[in-house]
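Working notes for the structure below.
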Amino acid sequence: MNCWPRGVRPTDLLANTRGVEFLYRAPDDRWFRVEASLGNDAVQVRGLPGPDQVSVRRLAHAIERRLERTGETRGWLKNVARVVARLASLSHFGGAGAGSTTHPTTNPTTGVNAALDGLLGSIEHLGEHSEVGDLDQRLACAEASALDDDVLVELGIIMLLTAGRFDSALERWHRHAAEICRRRTRGALACAALMHSYLGQIARAHACAKELARQARTANDARHAGELLAQVGCHELATRALRVAASDVVSGDASAFAVHLRLAQVAAQAHDYETLGVAAAKMTTLADHPDQQLSAARMLRDAGAFADAESTLHKLLRVEPRHRLAMLMLAQTKLWRLDHTGAAAVCQSLLEHNPNDVACLRTLGACAVVDGRHADALALLDRALAIDTRDYQARLWRAEALEHLQRFWDARLEIRNLQIGDYPIWQLLRARIEERMNPRSRIEHDTWFIVDTNIRQLVDADELPNDTGASHEVACAAIDKAIAKLGGNRTKRLTMLTAEGELRWLRTVDSPRQRAELLQLEACHRPLDEVIAEFAALAERYPAVPFFHTYAAELLLWRGEYARACDMFEQVWVTTRTRWGYVGAGAAAMLLGREARALEVWEEGKQYYSYLDAEATYCYRGEYLRKRGDLEAAGPDLERAAKARPGRVGAWVNLALLHHARGNAAGLREAVARVEELIPAYAWEARRAVEIDDRELQGPDTLANYMERLLTWMRGNRSSVMYTIVDANAQLRVIPAIGPENWRDHGRRNLDLFEDALLASSAQHLLETST
């Protein structure tokens, strides 16, 4: 495009099904598009609708004159059309995945086209490990051709990430990061946003993703920006961008439903229920087969439009009367409204075709509990759990049925063995069972604040006494009121029945611990000081809840503020005897060098609690014992920590150092490999910091030095949920504990953003060589 006269030089090129669009950007950020295509073997040029039709017509005439002076314009457009077809065939670019031979490029013998074809073949097979080996060679070949070097650098990084070649992606990023960050092109911004996210550099990732959204020229650009914003945790901004993308979709377009579905999903993450409802309603008009109707019904229900969701399900069932998932969703909604007769009728119909349908058996058991037939309920729920022991809803209903039958010991065993997290319904049922089994035992326990907080989130203050734990009778009555508000819903997502018998979501009801966990997770996408400040506000609002102190103190531990964290943990431990009070106080004391206090507080904790296999104490204590040189005692603690929580990086780093101290080179390498699998980006940086080029050639001392550097950067974080380091620039960096496939998927979702860039690069080359 640089060979074009200055006044007619396009900013960029795009492809469509007819031909090529030339893009121009006016100084006031308006975008103009002019399309060149072939019709009856003649070149046609027309301006696409834009903000200034006079400018569009003027540009169209200028381009037409330019193309008329280009000797091989028709051949160029035909060649570009072949490139477009080749790009469109790739599954990573939304095509059917036809492969490299179905749509050959212009002339495979010429350098640029052979390089492009080889590169596209690699893109198509990125999910197949057998095809990844020649990726470096394909990239080198493409870079030696006339294709745009900048595009290839950025695309290469994303391809390597998608292929799971994390070290290669990081090395390539390190070589080119400065120049990529200087460029403000779409590809550069997407690449930078993704790599900053991968490296835990939250603010930089957000800045790049936001700039990409600001540069959006078309609905397709807005869709790419929205997806990237969602990936880096900016769900509100992602929703705005995807709204733009959805607004420009033609109803007859095959992708229209998918665009609105994605908008609905991201709007739900952003808690933008108005947009979610609008997108879900649009999905119902676009749905043209049962699975799409089911998705529309789910999104309508997520938006709180339960009546519209049921209407959509009934419409689906008129076309496909035996659609199991639609029938189960309908039965579940009826159960939530306490329409046990209607829910049972739907499930009975399904059970006739499959007597071992777990969801049907569980729903029928729940209907029997609601109907007061508790012995019948147990029989049905036992059948369901004999097929699937992990069905948490069946276990909740079974515990409730046992409670009604006054089999309190069995009910308590059932609910205590249920590992679903600290959800309100689980807490409420457990509290009621234990209180009814042993009056005053629960209200006099120091965790009654959890039950009280849950009750007050569900029941209006004027319906409750000032002290819900004033007596056994008062406590049971208060719990009964809270559970009654939930109708027949025992899922993790709570609904409430209105006075008119309608359902509405309880979107702001979380147990105290669950709310603390969710807020702490936001540190993956928000500045740490913001999250800590929000914890402080919650602690002031709910002074009886210790979790808003302990989860905030843990964040301070990760940043290396050990003294401040220690004070917070100690205060919580003294005043409430909450588990993480002693776990965290001991950890902070150890990291401050107060080993005697660390051991003392951990022993105090043991008087109140039995250590859980997954408790972080094992990791911290094992680390202390290893550093002290007590290797025999450290081994069981660290092995137990790693086995109970395989994602606890701190345990594996300490195990690597323990194996080195024992002279076990094989164990050291195995633990190092596990660390690198869990945190490849941080591990790569630590290797660079200690100047390791090829770790396979390094001796045990060098590997141990590498692990020590990583442990230093990790500060006090021994979490299995989020990974943090304080890097060489004293910056705290945070990433979620997700597996390698998740990072590969992040790359895969950004590949198609480079479709236009590849077309522009190849089209420019073809045009310039035909001039």
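Fair warning: this is a prediction, and the values are worked out from it, not measured in the lab. Residue numbers run from 1 in the order of the sequence given.
Within the 3.5 Å criterion, the main-chain N or O of P646 finds a donor-acceptor partner in the side chain of R674. Formation of a donor-acceptor pair under 3.5 Å by the H176 side chain with backbone atoms of E154 is not found in this model. With T185 contributing its side chain and A188 its backbone, the two residues share a donor-acceptor pair below 3.5 Å. Of the possible donor and acceptor atoms, none in the side chain of H525 sits under 3.5 Å from a partner among the backbone N and O of I202. Side-chain atoms of D727 come within 3.5 Å of backbone N or O of N729 as a donor-acceptor pair. The closest donor-acceptor contact from the side chain of Q215 to the backbone of R184 lies under 3.5 Å. The main-chain N or O of A193 is never found under 3.5 Å from a side-chain atom of S197 such that the two would form a donor-acceptor pair.
When all heavy atoms are compared, the tightest approach of T162 to R744 is O-NE, 2.6 Å. In plain terms, the two heavy atoms of L528 and A523 that are nearest each other are CD1-CB, 3.8 Å. The shortest non-hydrogen separation linking L170 to A681 is CD1-CA, 3.7 Å. The shortest heavy-atom contact between L160 and R172 is CD1-CD, 3.7 Å. The two atoms that bring Q231 and N750 nearest to each other are NE2-ND2, 3.0 Å, heavy atoms only. The two atoms that bring S719 and W558 nearest to each other are CB-CZ2, 3.6 Å, heavy atoms only.
Ion pair E171/R175 not flagged as a salt bridge, since none of the NZ, NE, NH1 or NH2 atoms sits closer than 4.0 Å to an Asp/Glu carboxylate oxygen. The pair D302-R298 does not count as a salt bridge, with every side-chain nitrogen at least 4.0 angstrom from each carboxylate oxygen. Salt bridge annotation for R182-D150: absent, with no cationic side-chain nitrogen under 4.0 angstrom from a carboxylate oxygen. Ion pairing between a basic and an acidic side chain is recognised when a charged N comes within 4.0 Å of a carboxylate O; R214 and E211 show such pairing.
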### Task
Could you please spell out the steps behind the side chain to side chain contact (heavy atoms under 4.5 Å, CB included) verdict for R559 and D529?
CA-CA 11 Å; R559 196 156 64 182; D529 285 328; 3.0 Å; yes
#### Entry: side chain to side chain contact (heavy atoms under 4.5 Å, CB included) between I725 and I679, worked out
CA-CA 11 Å; I725 59 171; I679 48 170; 5.9 Å; no
### Task
Go through S295 and F257 one step at a time and tell me if the side chain to side chain contact (heavy atoms under 4.5 Å, CB included) criterion holds.
CA-CA 10 Å; S295 293; F257 183 88; 4.1 Å; yes
### side chain to side chain contact (heavy atoms under 4.5 Å, CB included) evaluation trace for Q731 with Q201
CA-CA 9 Å; Q731 296 297 310; Q201 297 165 327; over 6 Å; no
### Task
Decide salt bridge (Lys or Arg N to Asp or Glu O under 4.0 Å) for R240 and E236; before the verdict, give the C-alpha distance in whole Å, the side-chain angles of both, and the deciding distance to 0.1 Å.
CA-CA 7 Å; R240 291 184 206 169; E236 184 178 343; 3.4 Å; yes
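At a threshold of 4.5 Å between non-hydrogen side-chain atoms, the residues R186 and L212 count as touching. Side chains of V232 and H746 form no contact here, defined as non-hydrogen atoms less than 4.5 Å apart. Side-chain contact check for R709 versus I692: every heavy-atom pair is 4.5 Å or farther apart. Side-chain contact between R262 and E227 is present, with heavy atoms from C-beta onward closer than 4.5 Å. Side-chain atoms of Q269 and D272, non-hydrogen and from C-beta on, never get closer than 4.5 Å to each other.
Each of Y706, W652, Y682, W684 was compared with E676 under the side chain to side chain donor-acceptor pair (under 3.5 Å) criterion, and only Y706 meets it.
Rounding to the nearest 0.5 angstrom, the gap separating the CE atom in M299 from the NE2 atom in H260 is 13.0 Å. Between atom SG of residue C208 and atom CD1 of residue I180 there is a gap of 10.5 Å, rounded to the nearest 0.5 Å. In this structure, CG on L228 lies 12.5 Å from NZ on K210, to the nearest 0.5 angstrom. Note that CE of M283 and CG of L294 are 9.5 Å apart. Values are rounded to the nearest 0.5 Å. Distance check: T239 OG1 to E274 CD gives 12.0 Å after rounding to the nearest 0.5 Å. Here the straight-line distance linking atom CG of L194 with atom CG of L199 works out to 10.0 Å at 0.5 Å rounding.
In this model, a donor atom of one side chain and an acceptor atom of the other lie less than 3.5 Å apart for N717 and T724.
Within a 6.0 Å sphere centred on CG of D693, other residues, nucleotides and ligands contribute 12 heavy atoms or fewer. No more than 12 heavy-atom neighbours from other residues, nucleotides or ligands sit within 6.0 angstrom of CZ on R204.
The ring-ring contact (aromatic ring centres under 6.0 Å, His included) check on Y198 picks up F166, W743, with sequence neighbours excluded. Considering only residues two or more places apart in sequence or on other chains, W173 meets the ring-ring contact (aromatic ring centres under 6.0 Å, His included) condition with H196.
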